[in-house]
Asks: 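This is the structure, below, for whatever I ask next.
No hydrogens, no waters, no symmetry mates; every other heavy atom, side chains included, goes into these values.
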Amino acid sequence: MYKFVIVTDSDRASGFRLAGAEVFEAKDAAEAGTIIPPLLKRDEIGIVGMNEEYMLALDPKLMDRIEKLHRPLVIPIPSRTKEVDRRTYIERLLKKAIGYNIVLKR
């Protein structure tokens, strides 16, 4: 059975630990970029979830490597930013999950 690991900031780390995931904390996208390469070499890891903003800031060469891998699967974890209201955030999560844009009424 493969492990699910998370690369996230310290604010979100506790919640993922409570859910039973192995968590690697990164204070910024640059640090996350140094954490990812060793994880890609670990045979027991099946999925690596990381903050969406960290993933968007990864080096293009590293992203190309990630996209060519069969395992582990590296997935972004959407985060709610201060600029995005709760409704927009939930709509974005729904679109990623089901592939359709659902507009929530106020």
Side-chain angles (χ1 to χ4, degrees):
M1 191 154 125
Y2 294 114
K3 284 185 172 184
F4 179 54
V5 300
I6 301 290
V7 178
T8 190
D9 55 63
S10 59
D11 292 339
R12 297 180 189 104
S14 297
F16 287 111
R17 282 192 185 100
L18 287 171
E22 182 177 354
V23 178
F24 295 87
E25 291 184 37
K27 59 183 165 223
D28 55 27
E31 187 175 4
T34 64
I35 293 171
I36 292 295
L39 296 178
L40 300 179
K41 296 176 184 174
R42 289 178 47 188
D43 290 333
E44 76 275 11
I45 295 177
I47 300 174
V48 176
M50 66 185 306
N51 287 12
E52 184 175 42
E53 62 270 15
Y54 289 176
M55 194 163 178
L56 292 172
L58 288 178
D59 178 65
K61 288 181 182 179
L62 179 56
M63 277 304 299
D64 187 51
R65 182 175 160 208
I66 288 169
E67 289 171 359
K68 291 178 181 174
L69 288 174
H70 295 286
R71 188 183 39 81
L73 177 63
V74 181
I75 59 171
I77 299 171
S79 58
R80 182 175 168 207
T81 61
K82 292 177 183 173
E83 299 85 35
V84 177
D85 66 14
R86 183 175 175 85
R87 191 184 84 192
T88 304
Y89 175 67
I90 292 170
E91 288 172 353
R92 192 173 83 198
L93 286 176
L94 286 169
K95 184 175 182 178
K96 283 188 178 209
I98 64 173
Y100 291 96
N101 189 29
I102 305 293
V103 178
L104 303 174
K105 292 185 179 183
R106 290 191 184 256

Asks: Which hydrophobic side chains are connected to Met1, either touching it within the sub-4.5 Å cutoff or through other members that do?
Replies: none
Asks: With sequence neighbours excluded, what pairs up with Asp64 under the salt bridge (Lys or Arg N to Asp or Glu O under 4.0 Å) test?
Replies: Lys68
Asks: Tell me, which pairs form a side-chain hydrogen bond (donor to acceptor under 3.5 Å, both in side chains) where one or both residues lie in residues 16-29, sequence neighbours left out?
Replies: Lys3-Glu22, Arg17-Glu25, Glu22-Arg42
Asks: Could Glu67 and Lys61 be called an ion pair, given the rule that one side-chain N must be under 4.0 Å from one carboxylate O?
Replies: no
Asks: Who else is in the cluster with Met55 when I, L, V, M, F, W and Y are joined by side-chain contacts under 4.5 Å?
Replies: Val5, Val7, Phe24, Ile35, Ile36, Leu39, Leu40, Ile45, Val48, Met50, Tyr54, Leu58, Leu62, Met63, Ile66, Leu69, Val74
Asks: List the atom of Ala32, the atom of Ala26, and the distance in Å for their closest heavy-atom pair.
Replies: N-CB, 3.7 Å
Asks: Could you list who else is in Ile6's hydrophobic cluster, with ILVMFWY side chains joined at under 4.5 Å, directly or through other members?
Replies: Phe4, Phe16, Val23, Ile47, Leu73, Ile75, Ile77
Asks: Which residues satisfy the side-chain hydrogen bond (donor to acceptor under 3.5 Å, both in side chains) test with Glu31, sequence neighbours excluded?
Replies: none
Asks: I'd like to know if the side chain of Arg71 reaches the main chain of Tyr2, judged simply by a donor and an acceptor atom lying under 3.5 Å from each other, with no hydrogens or angles considered.
Replies: no
